[in-house]
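See structure below.
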Amino acid sequence: MASITSASSLIPRALTVTCMSCGTVHPGDRALSDCPACGGLLDADIDLTQRLTPSHFVATRGSLEAQSGVWRFRQLLPPIPADKIVTRQEGNNPLYRDQRLADYAGLDSGQFAIKHEGHNPTGSFKDRGMTVAVSHANAIGAKVIACASTGNTSASLGSYAATAGIPALVLIPEGKISAGKLGQTIAYGAKVVQVEGDFDVALKLLRELTASYDVYLANSVNPFRPEGQKTIVFEILDDLGWEVPDVIALPGGNLGNTAAFGKALSEAYQVGLIPKLPQLVTVQAAGAAPFAAYYESGFDHYEPVQAETIATAIKIGDPASLARARRSIELTGGIVTSVPDEDLLDAKALIDRIGIGCEPASAASLAGVRKLVAQGLIAPGANVVGVVTATILKDTDTIVKYHLDDDEGGERRAFANRPVSIPAELDALKRVLDDAVHG
Ligand code: F0G
């Protein structure tokens with residue numbers, strides 16, 4: 001296990017968490033996933049009296065802070081002892097620009113960038129949160145770490161728990177996660193429990209267990225998970241030379257990431273790193289959009305839904321981080337919207353086609369921005385960053401179906417690329433070559 005040994009790691013700070021509902025401060029040296037006083041969601045406390053400049057994040061070559069795009073932002077993370085940190089050198093992911101994506105979104109030239117979180121060690125943004133949660137679990141001597149998951153959190157936990165040598169227990173909705181994610185989680189050695197029911201049922205069941213048994217819960221209700229995910233925002237800002245974009249768009253499921261992004265922006269602002277906040281745009285799948293409906297009611301009326309979408313990663317009907325996510329949207333004057341599966345699949349197919357690639361849920365960012373530009377809610381001249389949350393290899397079944405099958409109306413999909421079959425004859429192959437060259 002790697003450890004960090006730079007001057008910043010020697011700064012003594014207290015490890016505490018604060019309830020966002022009642023404001024009670026609790027010691028952070030134990031596993032907590034809700035406030036013992038009132039049941040509210042907890043935030044890890046960060047020293048916001050410090051003044052930071054981008055130069056604080058220039059790491060010494062060869063140090064772990066240079067290798068991990070999470071621990072590089074240590075001043076804005078909870079003070080977990082350096083020798084307890086469990087890392088797989090996550091983060092430091094690419095920011096891509098491609099004119100075809102800006103055109104598709106309806107944005108002006110050069111105004112759309114993709115932050116690709118599929119480049120993390122297990123192929124999704126979850127690794128950024130997991131390095132902090134598992135490091136915390138390691139620091140407090142957790143005997144077992146558990147999560148409920150639609151597949152990416154479970155794969156990430158499997159990997160980080162294995163790195164730390166701590167047993168992992170994961171609950172997944174039976175038959176409802178992609179084969180790639182299931183295989184990954186099994187392979188990393190986690191104890192996989194397939195629960196009859198959906199993600200919401202699995203998380204509820206697990207929270208009942210962790211309320212009365214000594215099991216460390218690694219879902220994003222754990223205040224330390226979002227801390228790592230904050231670094232997606234810090235890294236985007238760093239990629240942009242700390243110039244604040246107009247919009248950061250991301251997919252929304254259990255809403256841990258939306259919660260983390262708002263906290264990151266608030267903290268970056270308070271320590272003096274940025275002079276203003278971008279708008280956060282959270283995009284849900286239309287069949288799993290309770291947060292979008294809540295937003296449309298002016299945050300007046302919330303109702304969980306029975307989730308249904310092809311994007312299994314975000315097939316969640318009752319997001320656990322709802323209150324924290326609402327805070328993020330309100331803080332940034334953000335927008336919550338939803339897109340039908342067809343739009344999500346087309347946006348994904350375009351991201352794939354131009355050579356970048358992502359899993360279906362990830363494309364919600366692009367599909368949502370396109371919708372909001374068309375509605376006039378994002379200006380074509382806005383500078384937009386869309387977060388792509390996982391790699392193309394997470395869900396290959398959906399890719400093959402998209403390209404080989406017609407849509408529900410019997411039409412070929414917008415970006416369908418069908419393989420052809422030929423007899424093993426040169427003439428037949430030449431005809432295919434002709435077609436490939438001349439279109
Ligand atoms: N994109 C991907 C690829 C995801 O796996 C998830 C969530 C999200 C977006 C949504 O992020 O929950 O923070 O709003 N996946 C979780 C999991 C639920 O179990 O892997 P969120």
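Quick caveat, the model's predicted, so the values are computed rather than measured. Along the sequence shown, residues carry numbers from 1. Order of listing sets the numbers, starting from 1, for every ligand and every atom in it.
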Distance-only, no hydrogens or angles: does the Ser365 side chain make a donor-acceptor pair with backbone N or O of Val387 under 3.5 Å? yes
Side chain of Ser156, backbone of Asn152: donor and acceptor closer than 3.5 Å? no
Taking NZ, NE, NH1 and NH2 as the nitrogens, is one of them in [X] or [Y] under 4.0 Å from a carboxylate oxygen of the other?
| X | Y | value |
| --- | --- | --- |
| Glu342 | Arg413 | no |
| Lys204 | Asp200 | no |
| Glu330 | Arg327 | no |
| Arg418 | Asp406 | yes |

What protein heavy atom sits nearest [atom], and how far away is it?
| atom | value |
| --- | --- |
| atom 4 (C) of ligand 1 | Ala313 CB, 3.6 Å |
| atom 16 (C) of ligand 1 | Lys126 NZ, 2.9 Å |
| atom 11 (O) of ligand 1 | Phe125 CZ, 3.5 Å |
| atom 21 (P) of ligand 1 | Leu255 N, 3.4 Å |
| atom 12 (O) of ligand 1 | Asn254 N, 2.7 Å |
| atom 1 (N) of ligand 1 | Thr389 OG1, 2.7 Å |

How does [X] reach ligand 1, by side chain, by backbone, by both or by neither, if only non-hydrogen atoms under 4.0 Å count?
| X | answer |
| --- | --- |
| Leu250 | neither |
| Gln229 | neither |
| Ile314 | side chain |

Just say parallel, tilted or perpendicular for the rings of Tyr96 and His116, cut-offs at 30° and 60°. perpendicular
Can you say whether the rings of Trp242 and Phe73 are parallel (under 30°), tilted (30 to 60°) or perpendicular (over 60°)? perpendicular
Test of proximity, [X] against ligand 1: N or O pairs below 3.5 Å:
| X | value |
| --- | --- |
| Gly253 | yes |
| Ser362 | no |
| Gly252 | no |
| Ala390 | no |
| Thr150 | yes |
| Thr153 | yes |
| Ser154 | no |

For atom CD of Gln375, decide whether the heavy atoms of other residues, nucleotides or ligands shown that lie under 6.0 angstrom number more than 12. yes
Distance-only side-chain donor-acceptor flag, [X] / [Y], under 3.5 Å:
| X | Y | value |
| --- | --- | --- |
| Ser159 | Arg88 | yes |
| Asp346 | Tyr104 | no |
| Glu90 | Asn120 | no |

Which ligand 1 atoms are under 4.0 Å away from a heavy-atom of [X]?
| X | result |
| --- | --- |
| Ile316 | 18 (C) |
| Glu359 | 3 (C) |
| Asn257 | 13 (O) |
| Asn152 | 2 (C), 3 (C), 4 (C), 5 (O), 20 (O) |

